[in-house]
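Predicted, not measured: the structure shown is a model, and the values here were computed from it.
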Amino acid sequence: MRMVDLIEKKRDGQELTKEEIRFAIEGYTKGDIPDYQISAFAMAIFFQDMTTNERAELTMAMVESGDQIDLSAIDGIKVDKHSTGGVGDKTTIALAPLVAAVGVPVAKMSGRGLGHTGGTIDKLEAIPGFNVEIDTTQFTELVNKNKLAVVGQTGNLTPADKKLYALRDVTATVNSIPLIASSIMSKKIASGADAIVLDVKTGSGAFMKELEQSKELAEAMVAIGKNLGRDTIAIISDMNQPLGRTIGNALEVKEAIDMLRGEGPDDLRELCLTLGSQMVYLAKKASSIKEARKKLEEVIANGKALETLKVFIKSQNGDASIVDYPEKLPAAKYLIDIKTKETGTVSSIVADKMGTAAMLLGAGRATKDSTIDLAVGLVLNKKIGDRVEVGDSLVTVHANKQEISQVIEMILSAYSITDKGIERPPLIYNEIH
């Protein structure tokens, strides 16, 4: 088999066999096939697409290029949740204990963030003492005992995907549905989940800006999951403005706690209940989505979800008292209100710009070597559809430096205010089964 023949075959729009896809991915991972040939291969896929079978075979070839996590020692159906990423997306911190409180095992491997704010692991490390570096034995024991544990991604998961992604990044082939879908799904399948719930974001703060693109990606990932024997469901949710009212690590932890207390913002609560209902249903802990949602609402109301969060934090050496005393979380020195100069209704918030403003404060990483400031971030006092008067506070900036003119400029340019009436955007656009 020669790589040049596979490039030609895909260039001409023909379907590749399982053996051909394995040959390309294995050869590239080992270093036997050079970058320039895989670049040509990726470009051929970019223009000619892939069939459902090809996408599944590409995913599995990347899964088998490295370690695969075995979660079989954990009792029950393990359901994983994956978000395609957005601004202010603290869903996992609230959702994991919420679902675990209903008896669904949540064995979560999460990453650190590069961009607006930290990833789930960085956010959890805003909790004093919290330890994400636990071994497989302890991880399994904690999930069996408490139904929940979260660890940093370790080992050699999907090395082919890491190598291919780096190449796609410099050859203008990132934005390809089969390549994106197989990249995401390879990591989820290698992580050992039995079933997968996908939160596919759409809008200004999402990777996919247009709803049609988001729908195409969601359908592609669900098809790959099912093809590989995993129950998979996707929810398409709005990212035309940040989720909830906070952007920044400690601030997002506090908001997740508020949500489990029954006090959080409506959009965060609704997204957690929507995704959580699917997880509970796929784990066969409820006979319908409606029953699953009712169970989740009950554990918020009776305090069990909040108690599960405390046990989770304590079990991983964190200070669980922050749940009752969130003032123990890292706090910024300066609180600065950004006030509006107009009267009207907020018509749009460019989520990307808000994320960049938070990163400029130090809430995220500009490069993988950047150090995150866990205390800083933004609190949005006004969101789309909210009425504002001149002098009202749009955003409260939590900063550890006083010179933030660039941040202020970015925030003001992210907000649009109109004198017309505005409908709030929907939170959930589609469910893909």
Item to complete: Report the residues that fulfil ring pair (Phe, Tyr, Trp, His ring centres under 6.0 Å) with F130, sequence neighbours left out, ordered by chain and then residue number.
Response: F312

Item to complete: Would you please name every residue forming a side-chain hydrogen bond (donor to acceptor under 3.5 Å, both in side chains) with T136, sequence neighbours left out?
Response: none

Discussion item. Suppose the criterion is salt bridge (charged side-chain N to carboxylate O under 4.0 Å, His left out): which pairs have a residue in residues 406-416, not counting sequence neighbours?
Written reply: none

Worksheet item: Just by modelled atom types, is the V379 backbone N or O under 3.5 Å from a matching donor or acceptor in the R245 side chain?
Response: no

Worksheet entry | Under 3.5 Å donor-acceptor, E403 side chain and S405 backbone | yes

Practice prompt. Can you establish whether the number of heavy atoms outside F41 located under 6.0 Å from its atom CZ is more than 12?
Written response: yes

Fill in: Selection residues 207-220 - residue pairs positive for salt bridge (charged side-chain N to carboxylate O under 4.0 Å, His left out), sequence neighbours left out
K209-D352, K215-E219

Worksheet item: Between I322 and P128, is any pair of side-chain heavy atoms under 4.5 Å apart?
Response: yes

Worksheet item: Would N53 and T51 count as a side chain to side chain donor-acceptor pair (under 3.5 Å) if you check the C-alpha gap in whole Å, the side-chain angles of each, and the deciding distance to 0.1 Å?
Response: CA-CA 5 Å; N53 276 343; T51 65; 5.6 Å; no

Worksheet item: Would a distance-only check, ignoring hydrogens and angles, find a side-chain to backbone donor-acceptor pair under 3.5 Å from T84 to K201?
Response: yes

Worksheet, complete the sentence: In short, salt bridge (charged side-chain N to carboxylate O under 4.0 Å, His left out) pairs touching residues 39-59 with sequence neighbours left out are K10-E54, R22-E57, D49-R55

Discussion item. Please tell me whether T59 and S182 have a donor and an acceptor in their side chains that are separated by less than 3.5 angstrom.
Written reply: no

Worksheet item: Can you list every pair that meets side chain to side chain donor-acceptor pair (under 3.5 Å) and has a residue in residues 270-280, with sequence neighbours left out?
Response: E270-T274, E270-R293, Q278-E431

Sequence neighbours left out, cut at 3.5 Å: what donor-acceptor pairs do the side chains of residues 256-264 make with other protein atoms?
unit_1: D258; atom_1: OD2; unit_2: K254; atom_2: NZ; d: 3.3
unit_1: R261; atom_1: NH2; unit_2: V323; atom_2: O; d: 2.4

Worksheet item: More than 12 heavy atoms of other residues, nucleotides or ligands under 6.0 Å from CD of E327: is that the case?
Response: yes

Which pairs would a plain distance check flag for residues 90-108, meaning a side-chain donor or acceptor within less than 3.5 Å of a matching protein atom at least two apart in sequence or in another chain?
unit_1: K90; atom_1: NZ; unit_2: G88; atom_2: O; d: 2.6
unit_1: K90; atom_1: NZ; unit_2: L243; atom_2: O; d: 2.7
unit_1: K90; atom_1: NZ; unit_2: T246; atom_2: O; d: 3.0
unit_1: K90; atom_1: NZ; unit_2: T246; atom_2: OG1; d: 3.4
unit_1: K90; atom_1: NZ; unit_2: E255; atom_2: OE1; d: 2.7
unit_1: T91; atom_1: OG1; unit_2: D89; atom_2: OD1; d: 2.4
unit_1: T92; atom_1: OG1; unit_2: K81; atom_2: NZ; d: 3.0
unit_1: K108; atom_1: NZ; unit_2: D80; atom_2: OD1; d: 3.0
unit_1: K108; atom_1: NZ; unit_2: K81; atom_2: O; d: 2.7

Worksheet item: Tell me the ring-ring contact (aromatic ring centres under 6.0 Å, His included) pairs involving residues 209-255, sequence neighbours left out?
Response: none

Worksheet item: Is there a donor-acceptor contact under 3.5 Å linking the side chains of K420 and S347?
Response: no

Discussion item. When you measure from the side chain of S65 to the backbone of A160, do you find a donor-acceptor pair of N or O atoms at a distance under 3.5 Å?
Written reply: yes

Worksheet item: When rounded to the nearest 0.5 angstrom, what is the spacing between CD1 in I233 and CG in L198?
Response: 9.5 Å

Fill in: Candidate pair L148 and L309, rule side-chain contact (heavy atoms from CB on, under 4.5 Å), full reasoning
CA-CA 9 Å; L148 172 60; L309 174 65; over 6 Å; no

Worksheet item: Got a sec, which pairs hit salt bridge (charged side-chain N to carboxylate O under 4.0 Å, His left out) with one end in residues 373-384, sequence neighbours left out?
Response: D267-K383

Worksheet, complete the sentence: D419 meets the side chain to side chain contact (heavy atoms under 4.5 Å, CB included) criterion, sequence neighbours left out, with none

Item to complete: May I have the step-by-step check of salt bridge (Lys or Arg N to Asp or Glu O under 4.0 Å) for R387 and E389, ending in yes or no?
Response: CA-CA 7 Å; R387 181 83 188 153; E389 306 287 336; 3.8 Å; yes

Worksheet, complete the sentence: The complete set of ring-ring contact (aromatic ring centres under 6.0 Å, His included) pairs with one or both residues in residues 386-433, sequence neighbours excluded, reads none

Practice prompt. Determine, stepwise, if the pair S348 / N240 fulfils side chain to side chain donor-acceptor pair (under 3.5 Å).
Written response: CA-CA 8 Å; S348 70; N240 280 305; over 6 Å; no

Worksheet item: Can any side-chain N or O of T340 pair as donor or acceptor with the backbone N or O of L394 at less than 3.5 Å?
Response: no

Item to complete: Step by step, work out the side-chain contact (heavy atoms from CB on, under 4.5 Å) result for V376 and V397.
Response: CA-CA 8 Å; V376 301; V397 178; over 6 Å; no

Discussion item. With a 3.5 Å distance limit and no angle check, can you tell me whether T232 reaches the backbone of R230 through a side-chain donor-acceptor pair?
Written reply: yes

Discussion item. Tell me if the CD atom of E342 is crowded by more than 12 foreign heavy atoms within 6.0 Å.
Written reply: yes

Practice prompt. Please confirm whether the backbone N or O of G119 pairs with a side-chain atom of D122, one donor and one acceptor, at under 3.5 Å?
Written response: yes

Discussion item. Treating K188 as the side-chain partner and I184 as the backbone partner, does any N or O pair qualify as donor plus acceptor under 3.5 Å?
Written reply: no

Worksheet entry | Main-chain N/O of N144 paired with D75 side-chain donor or acceptor, under 3.5 Å | no

Worksheet item: Between Q316 (side chain) and N131 (backbone), is there a donor-acceptor pair under 3.5 Å?
Response: yes

Worksheet item: For atom CG of D266, is the number of surrounding heavy atoms from other residues, nucleotides or ligands below 6.0 Å larger than 12?
Response: no

Discussion item. Can you see whether S183 engages K187 through a side-chain donor-acceptor pair at a distance of less than 3.5 angstrom?
Written reply: yes

